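Just so you know, these numbers come straight off a predicted model, no measurement behind them. Keep in mind that the numbers below use all heavy atoms, side chains included, and drop hydrogens, waters and symmetry copies.
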There are 2 protein chains.
Amino acid sequence: MEALEVKGSLWLETEAGRFLGPGRVELLQRIEQSGSINKAANQMGMSYKKAWEMVQSMNAQAGTPFVLTQTGGEKGGGAKITPAAQGYIAYYTELRHRFQEFLAHESAKISKIIVEQGT
Amino acid sequence: MEALEVKGSLWLETEAGRFLGPGRVELLQRIEQSGSINKAANQMGMSYKKAWEMVQSMNAQAGTPFVLTQTGGEKGGGAKITPAAQGYIAYYTELRHRFQEFLAHESAKISKIIVEQGT
DNA sequence: AAGCGTTATTTTTTTCAAAATATAACGCTT
DNA sequence: AAGCGTTATATTTTGAAAAAAATAACGCTT
């Protein structure tokens with residue numbers, strides 16, 4: 001057994017289910033950067049519909065909306081994220097960093113342990 | 001936003017992909033306890049075929065087999081897990097315990113943080 | 001030799017999620 | 001009024017995974 005690694009995934013959950021994970025955070029960041037749900041979805045190889053449903057779900061679960069949209073107008077419309085969303089993104093990023101340190105630490109220990117048990 | 005919790009999932013990975021996670025560990029434990037792939041699968045609401053494929057995949061990825069099977073015989077056949085599998089189960093259980101402590105610690109901190117940022 | 005409960009394997013069917021397609025509305029620009 | 005790029009929504013199609021079903025083999029017991 002070579003190159004055994006500890007991997008994992010992390011998300012925030014409310015009583016209504018998953019609230020914020022890697023996919024939603026990336027979507028929010030791409031909406032922030034591009035100003036468009038459509039562009040963000042295309043960048044991620046995701047259908048507009050799915051992205052829009054993720055936005056709906058987040059807006060519903062958070063007390064305050066995470067994404068504000070506008071239909072029509074100068075550039076056809078657009079979307080931007082709220083300060084609340086930015087706050088959660090910052091928190092999630094720090095949390096993920098601590099998690100990656102946990103995983104790296106456990107991965108560093110693992111080879112020793114497996115050798116000890118003799119497989 | 002009430003009752004926000006940090007949740008996650010954890011597994012071991014080799015260059016060939018996922019090797020050991022919660023589902024496989026539970027399957028191994030139930031095979032050990034029941035002496036049968038079939039019974040273990042039924043207990044987990046899983047088809048025999050899927051359980052058998054998981055066993056095949058584990059046996060292939062680990063250098064040494066994790067499950068030994070016998071067809072025919074006194075009770076029609078059966079399966080048991082090897083000491084190597086038992087060693088990995090013990091390691092994974094300890095790892096999961098440390099992970100749950102990480103999650104609990106982060107969940108305890110989270111409410112404070114969210115309040116601070118004013119949502 | 002017939003029966004049993006299991007492992008082992010293939011084939012078929014079903015289910016469900018994802019993708020694709022289509023349509024409408026919106027508000028600006030020209 | 002026509003065109004644009006977007007949001008918003010419903011409908012259809014596709015595909016892949018899961019489930020179900022069917023078959024065979026195995027080695028013991030009776």
Handout entry: Separation of atom NZ in Lys50(A) from atom C1' in dA8(D), rounded to whole Å
Key = 19 Å
Exercise for the section: Starting at CG of Leu4(A), measure out to CD of Glu15(B) and round the result to the nearest 0.5 Å. Expected result: 9.0 Å
Fill in the blank from the handout: If pairing means Watson-Crick or G-U wobble with both distances under 3.5 Å, then the partner of dC28(C) is dG3(D)
Practice task
Using atom CD1 of Ile31(B) as one end and atom P of dT6(C) as the other, report the distance to the nearest whole Å.
Solution key: 13 Å
Practice task
Determine whether Tyr91(A) and Ile110(B) make a side-chain contact, defined as any pair of heavy atoms from C-beta on separated by less than 4.5 Å.
Solution key: yes
Practice task
Taking the side chain as every heavy atom from C-beta outward, state whether Leu28(B) and Leu20(B) have any pair of such atoms under 4.5 Å apart.
Solution key: yes
Completion exercise
d(Tyr88(B) OH, Thr93(B) OG1) to nearest 0.5 Å is 14.0 Å
Practice task
Identify the nucleotide, in any strand shown, that forms a Watson-Crick or G-U wobble pair with dT10(C), with both distances under 3.5 Å; if there is none, say none.
Solution key: dA21(D)
Exercise for the section: Could you state the atom-to-atom distance from CE of Met46(B) to P of dA17(D) in whole Å? Expected result: 16 Å
Handout entry: Check: Ser57(A)/Glu53(A) side-chain N/O donor and acceptor closer than 3.5 Å
Key = no
Problem - Phe19(B) ring center near Tyr92(B) ring center (under 6.0 Å) - result: no
Practice task
In whole angstrom, give the distance that lies between atom CD of Gln56(A) and atom P of dT7(D).
Solution key: 12 Å
Exercise for the section: Specify the separation, in whole Å, of atom CD of Glu53(A) and atom P of dT7(D). Expected result: 15 Å
Fill in the blank from the handout: Here the distance between atom P of dA19(D) and atom CE of Met44(B), to the nearest Å, is 12 Å
Practice task
Could you check which residues of residues 34-41 of chain A get a heavy atom under 4.0 Å from DNA chain D? Sort them by number, please.
Solution key: Ser36(A), Ile37(A), Asn38(A), Lys39(A)
Practice task
Give a yes or no on whether the backbone of Val67(A) and the side-chain of Asn59(A) come within a donor-acceptor separation of less than 3.5 Å.
Solution key: yes
Exercise for the section: Output the distance between atom OG (Ser9(B)) and atom NZ (Lys7(B)), rounded to the nearest 0.5 Å. Expected result: 12.0 Å
Problem - SB check Glu106(A) Arg98(B) (cutoff 4.0 Å) - result: yes
Exercise for the section: Would you classify Thr69(A) as touching base, sugar-phosphate or nothing, given that sugar-phosphate means primed atoms plus P, OP1 and OP2, and contacts are heavy atoms under 4.0 Å? Expected result: sugar-phosphate
Handout entry: Side-chain N or O of Trp52(A) closer than 4.0 Å to phosphate OP1/OP2 of dA8(D)
Key = yes
Problem - Nucleotide paired to dA20(C) in any strand shown, Watson-Crick or G-U, under 3.5 Å - result: dT11(D)
Fill in the blank from the handout: Protein heavy-atom contacts under 4.0 Å, written 5' to 3' over nucleotides 21-30 of chain D as B (base), S (sugar-phosphate only) or - (none), form the string -----BBS--
